[in-house]
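Below is one structure, written out as structure tokens; comments come after it.
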Amino acid sequence: MTHQPDAGGFDKLAAELTERRQQHLYRKRRQLQSPQQPHLRCDGRDLLAFCSNDYLGLANHPQVITSFQQAANQYGVGGGASHLVIGHSRVHHQLEDALAEFTGRERVLLFSSGYMANLGTINALLDKHDAVFEDRLNHASLIDAGLLSGARFQRYLHNSVDALENKLQRSTARRKLVVCDGVFSMDGDIAPLPEITRAAADQGAWVMVDDAHGFGCLGENGGGCTEHFSLNTDRVQVLVGTLGKAFGTSGAFVAGDEVLIETLIQHARTYIYTTAMPPAVAAATLISLKLLQAEAWRRDKLQALIARFRAGANQLGLQLMDTSTPIQPILIGDEARALELSAQLEERGLLVTAIRPPTVPRGTARLRVTLSASHDEKDVDRLLDGLAECCSDESSNG
Ligand SMILES: *Cc1c(COP(=O)(O)O)cnc(C)c1O
């Protein structure tokens, strides 16, 4: 007799999947068959993509690749153990030191991913005696981290310093932590950090900024939003960066004072109970950090492409967000319509992802266009031509 574990339960899962498909919320994966770059090969087709977070074009940079290969020859591939056992290699440590200098912080701690950095950090700092205040458009990893911590969880209106101040004033928690994205991943706007950090300081709260999309793109040296606004550790006590975006590699880091980093080494469970990132990734990141700092032309080119895109999209009457970061969403609203537009663009060889709930609030589905220094002007023009053909009905001027 065949044993059928929980067959009834799985029928219910199948029904939920069908319902999700009907609501145009079903997610499917594509298969990339080339490096991550604007002109890529995907599911057997050549496409021009505007959806990666490789903002500076470093993911496939020859020097970054060579460094990775050489380090793999020297250190092998696997990290082999957690950092606290025997997985912490010299090159990890060198990268931490280099990132500390880059961010102007005393110390840096590497994590295997941004999700894990956020989960580990908030949970190491807070428990049920504390309160966490999060922008309601924060990245899912920050929301999950706050909820898991057991601290009193409070969301404030997007970028509203008044709403935040109000909640901070009413809190009697032992420890208060304000948490926000530096650049919001689905809207592309920048948090008003000078005001947020002032409000937090007035109320004795700490500030944690996840600058996954700011590093490399903002600030004269690519130091992200804390460089852009000149905010040191007195104002932003916990600074998070991810390495899988503008750095073009993989992993994440937390930067801050000695006491913060030592606390995380002792208590951050996503740091302690996981295998160290492959040392070759750290070696590759040392080179991408060098390129990110030295080659300011990448940021300049990116800004020029962003300006070109915005001018063209405005001329088409498309609804953009008020931002000059490489995240340039086009607001559509309806989920089915966003999917349809994305499919029509793809027929023209253009890859732009439709972002739908629950990643963004209901009724705010969008085409999330991201630009990279590895795009050319003619790539942006091709996108604008495609948008002109597909999106004439979306025009906000009729
Ligand atoms: C991408 C992202 C993360 C997750 O980083 P990974 O290294 O990909 O896990 C965290 N926070 C924000 C704001 C992000 O955009």
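Ligands are counted one by one from 1 in listed order, and the atoms in each one are counted from 1 as well. Values in this document were obtained by computation on a predicted structure and should not be read as measured data.
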Atom-level proximity to ligand 1, residues with heavy atom under 4.0 Å: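 Those residues closer than 4.0 Å to ligand 1 by some heavy atom are S113, G114, Y115, N118, H139, S141, D181, S185, D210, A212, H213, T242, K245, G251.
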Inter- and intrachain pairs under ring pair (Phe, Tyr, Trp, His ring centres under 6.0 Å), touching residues 327-383, at least two apart: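 The answer is F50-H375.
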Heavy-atom check, side chain of E346 versus side chain of R348, under 4.5 Å: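 No - every pair of side-chain heavy atoms lies 4.5 Å or more apart.
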Report yes if the side chains of L339 and R356 come closer than 4.5 Å at any heavy-atom pair, otherwise no.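 Contact flag for L339/R356 side chains = yes.
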Are more than 12 heavy atoms, taken from residues, nucleotides or ligands other than N73, located less than 6.0 Å from that residue's CG atom?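 Yes, because the 6.0 Å sphere around CG of N73 holds more than 12 heavy atoms from other groups.
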Cut-off 3.5 Å, no hydrogens considered: what does the side-chain donor-acceptor table look like for residues 201-225, sequence neighbours left out?
residue, atom, partner, partner atom, Å
D210, OD1, A212, N, 3.1
D210, OD2, N118, ND2, 3.0
D211, OD1, G214, N, 3.3
D211, OD2, C225, N, 2.7
H213, ND1, Y55, OH, 2.7
N221, ND2, E227, OE2, 3.0

Report the hydrophobic cluster partners of L351, with the cluster defined as I, L, V, M, F, W, Y residues connected by side-chain heavy atoms closer than 4.5 angstrom, directly or transitively.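 Besides L351, the cluster holds L32, L40, L47.
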